[in-house]
Number of protein chains: 2
Amino acid sequence: MVDTLEAYIRARISHNDTQLTDVLSAFVTRKVRRGEMLLQAGEVCQHCYFVAKGCIQVFVSTDGGTETSRDFVFENNWLTDIYGFANQQPSQEFFRAVEPSVVMAIHRDQFGRMQQQVPQFEQIYRQILEQSYATTVYRVNTFIALDALDRVRWLMQHQPRILSRLSNKLVASYLGISPETLSRIKARL
Amino acid sequence: MVDTLEAYIRARISHNDTQLTDVLSAFVTRKVRRGEMLLQAGEVCQHCYFVAKGCIQVFVSTDGGTETSRDFVFENNWLTDIYGFANQQPSQEFFRAVEPSVVMAIHRDQFGRMQQQVPQFEQIYRQILEQSYATTVYRVNTFIALDALDRVRWLMQHQPRILSRLSNKLVASYLGISPETLSRIKARL
DNA sequence: CTGAAACGTTGACAAAAGTCAAGAGTGGGG
DNA sequence: CCCCACTCTTGACTTTTGTCAACGTTTCAG
């Protein structure tokens, strides 16, 4: 699975092979079973993950037990509680594999070391940060304004993968609507 | 107004006075009238602003003309379309002064120069990025799950300034509810 | 100061979405 | 490969929120 990560990095930064090997060896491969948690709310996130296979749900849980998904991270994407990871603050979110998954994990300490040793690593971090931020801003702008129907339409246009690959229950938790409403909306499209 | 920015920077980075002067001189002071736009959707954001006084509304506009506010940036905070600013992409958002305001503007070219010349500048940028990201994540997690009443309660707890300082219409556009609903909710609290 | 334009409040009604329940369908762990 | 737990769908009903309208209040630009 390290090849997925290697390809990702090769495509993005200039490098020499020694450095690339160094970077790759800082990552640990980890299999995650369906339903298994990678991070619990309240925990301080110590790892940055590259999802090599599968899908990780990022969600919050209310007192009533309702779960709301902020994001689904598929293969070839990064996953971490960025703010908590950088500032050693407890996470408010949970990470859970919703498919059998494989992640490449780098510990915070190694991550810091890499940032100092490999300048391009810093660049990648900033790219991830900027990209994640842009995605989240987009999500706020879209969803505060739209009703249930338009949210589904938006998802069909911008994230069809979420609709086709995940259960209605999960999709509904991403859209902030009930599964029943989602079911009815899909029926009349 | 440059003193506001100077205090902000002094409080955050180690420096020598020559560097600080260099940094400050890269900024241009600009008065913004109430209602005046600092950025139009579709435009590429060329500046990073430090709001020294007043309040800038960050919002999107739907085809129907409905405006939804993603953020209100008060004095002592940074304002830019981060993704578009960094990647020279058109903005989807508008920036508008909702109070008579004063901003300190730094052009993208100067910004890049400062990042190279003053290492701490890079740190500040990353801080802003991480902070903005965290805020936006918080907003998504909160609002997708909550109904109108709980959104208002959340705002009272976390952003009372928005409630007390801005008009009901603006607050409603931030909460994603109608002004009438907000008015009714406030009446029975 | 002042008046026009925007804003806030309230009521009546309509539309959207949630809740609860029950039965059919499905998928993945053993 | 099969069965059980979970999910999906549909219906009936309730609750929440939006919309439209009317009118009083505020605000700020000239």
Side-chain angles (χ1 to χ4, degrees), chain A residues 31-37 53-55 57 59 62-69 72 96-102 142-155 162-189, chain B residues 31-37 53-55 57 59 61-69 72 96-101 142-155 162-189:
Chain A
K31 279 198 184 186
V32 200
R33 273 196 290 272
R34 179 196 180 78
E36 194 180 335
M37 292 286 187
K53 184 164 168 293
C55 176
Q57 176 194 16
F59 69 101
T62 64
D63 24 292
T66 316
E67 295 179 355
T68 312
S69 304
F72 295 102
R96 177 171 52 201
V98 292
E99 297 177 1
S101 306
V102 179
T142 310
F143 283 71
I144 295 285
L146 303 184
D147 62 11
L149 177 58
D150 285 334
R151 290 183 195 182
V152 175
R153 286 207 184 107
W154 184 90
L155 206 61
I162 288 182
L163 267 170
S164 59
R165 197 158 144 185
L166 303 175
S167 71
N168 260 17
K169 197 191 169 191
L170 288 175
V171 175
S173 82
Y174 180 84
L175 294 177
I177 62 180
S178 70
E180 291 93 334
T181 299
L182 177 57
S183 184
R184 279 184 253 265
I185 286 172
K186 281 173 104 172
R188 59 185 167 87
L189 270 184
Chain B
K31 278 197 188 190
V32 199
R33 273 197 290 271
R34 179 196 181 78
E36 194 180 335
M37 293 285 188
K53 184 163 170 295
C55 176
Q57 175 194 17
F59 68 100
S61 181
T62 64
D63 23 292
T66 316
E67 296 180 354
T68 312
S69 303
F72 295 101
R96 176 170 55 199
V98 292
E99 298 176 1
S101 305
T142 308
F143 283 69
I144 295 286
L146 302 184
D147 63 12
L149 177 57
D150 286 334
R151 289 184 195 182
V152 175
R153 286 204 185 111
W154 184 91
L155 207 61
I162 288 182
L163 268 170
S164 60
R165 197 157 143 185
L166 303 175
S167 72
N168 261 18
K169 197 190 170 192
L170 288 175
V171 174
S173 82
Y174 180 83
L175 294 177
I177 63 180
S178 70
E180 290 93 337
T181 298
L182 178 57
S183 184
R184 279 184 254 264
I185 286 173
K186 282 173 104 172
R188 60 182 167 88
L189 270 183

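Chain A is the first sequence line, chain B the second, and so forth, proteins listed ahead of strands; every chain is numbered from 1.
- Of the candidate nucleotides D:dC8, C:dC20, C:dA16, C:dA16 has the atom lying nearest to any side-chain atom of A:Asp147.
- Side-chain contact of A:Gln57 with A:Ser69: a donor-acceptor pair under 3.5 Å is present, judged by distance alone.
- Judged by distance alone with a 3.5 Å cut-off, a donor-acceptor contact links the side chain of A:Arg184 to the base of C:dT19.
- A straight line from CG of A:Leu170 to P of D:dT7 spans 8 Å, rounded to a whole angstrom.
- In this structure, B:Arg34 atom CZ and C:dA5 atom C1' are separated by 12 Å, rounded to whole Å.
- Distances from the side chain of A:Ser183 to the nucleotides D:dT9, D:dC20, C:dG18 place D:dT9 closest.
- Expressed to the nearest 0.5 Å, how far CH2 of A:Trp154 lies from CG of A:Leu146 amounts to 9.0 Å.
- When heavy atoms are screened at a 4.0 angstrom cut-off, A:Ser167 is found touching the sugar-phosphate backbone but no base atom.
- Distance A:Lys186 NZ to D:dT9 P: 7 Å, rounded to the nearest Å.
- Between the CZ atom of A:Phe143 and the CG atom of A:Leu155 there is a distance of 6.0 Å, given to the nearest 0.5 Å.
- When the C1' atom of D:dG24 is taken as reference, atom CD of B:Glu180 falls 15 Å away, rounded to whole Å.
- Comparing C:dT19, D:dT17, D:dC28 against the side chain of B:Ala148 picks out D:dT17 as the nearest.
- As rounded to whole Å, 12 Å separates atom P of C:dT9 from atom CD1 of B:Ile177.
- Between the side chain of B:Arg34 and the backbone N or O of B:Val98 there is at least one donor-acceptor pair closer than 3.5 Å.
- A:Gly35 comes within 4.0 angstrom of nothing in the nucleic acid, heavy atoms only.
- Taking atom CG on A:Leu175 and atom C1' on C:dA17, their separation rounds to 13 Å, with Å as the unit.
- Residue A:Leu163 holds its CG atom at 11.5 Å from CG of A:Leu170, rounded to the nearest 0.5 Å.
- With rounding to whole Å, A:Asn168 atom CG is found 13 Å from C:dT26 atom C1'.
- Comparing B:Thr181 and A:Leu166, the nucleotide of DNA chain D nearest to each residue sits closer to the 5' end for A:Leu166.
- Protein atom CG of A:Leu182 is 10 Å distant from nucleotide atom P of C:dG18, rounded to whole Å.
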